[in-house]
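Before any comments, here is the structure.
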There are 2 protein chains.
Amino acid sequence: MDDVEARRRVIEAADRLYYGNGIQAVGMDRLRTESGVSLKRLYSLFSSKEEIVLGVLSHRHQLWTQGLEAQVSQVGAPQDRVLAVYDYLAGWFTDDTFRGCGFINAFGEIGTAPSIAAAVREHKESFQRFMVGLVAQAGGSAELAGYLALLAEGAQTTAAIAGSPDPARQARRAAQTLISAELGDRTTVTV
Amino acid sequence: MDDVEARRRVIEAADRLYYGNGIQAVGMDRLRTESGVSLKRLYSLFSSKEEIVLGVLSHRHQLWTQGLEAQVSQVGAPQDRVLAVYDYLAGWFTDDTFRGCGFINAFGEIGTAPSIAAAVREHKESFQRFMVGLVAQAGGSAELAGYLALLAEGAQTTAAIAGSPDPARQARRAAQTLISAELGDRTTVTV
DNA sequence: AGCGTAAGAGAACGATCGTTCTCCACAAAA
DNA sequence: TTTTGTGGAGAACGATCGTTCTCTTACGCT
């Protein structure tokens with residue numbers, strides 16, 4: 001097993017364990033057992049647990065971004081591409097391992113560590129930028145994109161706590177209303 | 001110091017420490033030191049740390065509810081009473097100890113404990129009911145109330161992570177748009 | 001074959017976790 | 001004054017934390 005493969009196994013196991021149980025609740029011994037990577041190797045690949053957490057967040061950011069872009073790319077009409085964000089959320093919320101946004105959870109638990117707080121902030125800023133671009137393609141303002149991002153964030157926490165995927169559809173309908181209010185209804189082409 | 005006063009000191013210290021540092025990061029020794037209540041007394045007042053966390057959540061629920069109702073009660077016009085929710089958030093977000101919603105944080109960190117998850121769920125359901133009532137007074141639907149609750153939830157996490165109180169005002173403007181879309185603009189009386 | 005070295009398993013380290021127990025001081029009752 | 005008992009301070013408990021170290025095995029090189 002080379003270093004690349006070992007890192008992959010560690011990050012994958014850590015992501016699953018930290019996300020499902022909380023970060024502090026999972027010790028290095030458990031991570032060793034479930035990743036199959038010895039403690040010595042773990043500490044040669046990562047300098048500390050905090051580095052592993054940062055690696056997990058980076059990995060999660062990639063998965064999120066790729067999944068989101070894949071969902072959006074399946075849709076053509078600019079306004080529907082914006083709404084596809086909430087369809088992506090709806091699919092995620094029905095995953096039975098769903099337990100809210102891993103970044104928000106990490107921030108609440110160990111956001112006092114500056115490097116963790118920074119990683120979470122960057123992820124959320126990246127999502128904001130993504131929404132601004134997507135909304136701009138539909139002719140909408142950055143202000144509108146901010147509203148739609150708030151709805152997406154609210155849907156994530158509400159779905160996690162209520163244990164229901166419904167907030168995704170609810171957020172989608174609210175987004176439709178906000179888009180229509182700024183842009184008018186463009187489901188039929190106007191010239 | 002009677003039991004009532006001792007409980008008050010424990011809950012107050014625990015709330016401050018857990019909210020500011022995360023729950024698992026604060027041990028019973030620190031809680032003993034900062035509350036001034038001995039470990040023996042602590043365990044005669046509460047059967048376990050989990051009971052203390054539940055007490056903190058209950059206390060936080062009371063503070064939140066009272067503060068919210070106080071803010072809303074200062075306003076007369078039904079639509080403005082709805083918007084006062086976001087003014088309450090704006091005030092909270094500027095508190096320099098603000099670190100997001102304590103319930104969301106607790107859920108992410110130790111939501112695997114059923115009693116904690118239940119307490120968080122009840123708090124959020126209570127807020128949903130509050131919004132439904134408030135929106136109904138303005139002639140709005142439960143569906144609209146759901147949208148406005150999502151905005152409030154999203155504003156809390158976004159403000160915490162971005163470290164800015166601005167999402168409160170952003171959510172307020174989005175809420176205004178959603179209210180106008182369902183009810184029309186009622187800032188001047190229409191007959 | 002003999003030697004050097006990297007990596008494995010997991011014991012060990014000091015610290016701290018939640019919880020319990022011991023010991024002592026002081027106040028009320030006899 | 002002596003006895004009894006309640007509650008405080010904090011030591012102690014076993015477990016587990018993140019991290020390091022030891023010991024052993026096994027493989028590459030000459």
Side-chain angles (χ1 to χ4, degrees), chain A residues 1-57 105-106 108-117 119, chain B residues 1-57 105-106 108-117 119:
Chain A
M1 193 196 331
D2 63 359
D3 281 3
V4 173
E5 170 67 6
R7 280 188 77 101
R8 198 192 60 76
R9 291 195 194 182
V10 171
I11 292 294
E12 196 170 272
D15 187 34
R16 177 172 47 83
L17 292 170
Y18 292 164
Y19 180 66
N21 303 95
I23 295 167
Q24 311 239 47
V26 178
M28 298 299 279
D29 269 351
R30 177 128 186 244
L31 182 55
R32 173 179 86 111
T33 302
E34 304 221 9
S35 69
V37 174
S38 72
L39 276 180
K40 190 176 181 182
R41 191 107 190 258
L42 262 171
Y43 276 95
S44 76
L45 294 168
F46 302 91
S47 64
S48 66
K49 181 174 181 178
E50 185 168 321
E51 286 295 321
I52 299 178
V53 175
L54 290 172
V56 165
L57 292 182
N105 293 351
E109 186 170 354
I110 53 170
T112 48
S115 67
I116 304 290
Chain B
M1 193 195 333
D2 63 359
D3 281 3
V4 173
E5 171 66 7
R7 280 188 77 101
R8 198 192 59 78
R9 290 194 194 184
V10 171
I11 293 294
E12 196 169 274
D15 187 34
R16 178 171 47 82
L17 292 169
Y18 292 163
Y19 180 67
N21 303 95
I23 295 168
Q24 310 239 45
V26 178
M28 298 299 280
D29 269 352
R30 177 127 186 247
L31 182 56
R32 172 180 86 114
T33 302
E34 304 223 10
S35 69
V37 174
S38 72
L39 278 179
K40 190 175 180 181
R41 191 107 189 257
L42 262 172
Y43 277 96
S44 77
L45 294 168
F46 303 91
S47 64
S48 66
K49 181 175 181 177
E50 185 169 320
E51 286 296 321
I52 299 178
V53 175
L54 289 172
V56 165
L57 293 182
N105 293 352
E109 186 170 353
I110 53 170
T112 49
S115 66
I116 304 291

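Just so we're clear, the structure is a prediction, and the values are computed from it rather than from any experiment. Heavy atoms only: backbone and side chains are in, while hydrogens, waters and symmetry mates are out. Here is how names work: the chains are called A, B, and so on, in the same order as the sequence lines, proteins then strands, and each is numbered from 1.
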What integer distance in Å separates B:D29:CG from C:dG18:P? 9 Å
To the nearest Å, give me how far apart CG (A:D3) and P (C:dA6) are. 13 Å
I need the CG-C1' distance between A:L39 and D:dT16, as an integer number of Å. 13 Å
Starting at CG of B:L31 and ending at C1' of D:dA9, how long is that distance when rounded to a whole Å? 16 Å
Whole angstrom value for the distance that separates P of C:dC17 from CD1 of B:I52: 14 Å
Take A:V26 and A:E34 through the test side-chain contact (heavy atoms from CB on, under 4.5 Å) and record every step on the way to the result. CA-CA 11 Å; A:V26 178; A:E34 304 221 9; over 6 Å; no
Gap between atoms CG and P, on A:L42 and D:dT20 respectively (whole Å): 12 Å
At 4.0 Å (heavy atoms only), tell me whether B:V37 reaches a base, stays on the sugar-phosphate, or touches nothing. nothing
Please give me the minimum heavy-atom distance between B:L45 and B:R7, naming the atom from each residue. O-NH1, 3.2 Å
Check: A:K49 and A:I23 side chains under 4.5 Å, non-hydrogen atoms: yes
In whole angstrom, give the distance that lies between atom CG of A:D2 and atom P of C:dA6. 18 Å
What contact category does B:R32 fall into here, base, sugar-phosphate, or nothing, at under 4.0 angstrom with non-hydrogen atoms? base
Roughly how many Å is it from NZ in B:K40 to P in C:dC23, rounded to a whole number? 13 Å
At less than 4.0 Å, is any side-chain N or O atom of B:K49 found next to OP1 or OP2 of C:dG18? Yes or no. yes
For the CG atom of A:L31 and the CZ atom of A:R9, what is their distance to the nearest 0.5 Å? 13.0 Å
Would you indicate what A:S44 reaches in the nucleic acid, counting non-hydrogen atoms under 4.0 angstrom: base, sugar-phosphate, or nothing? nothing
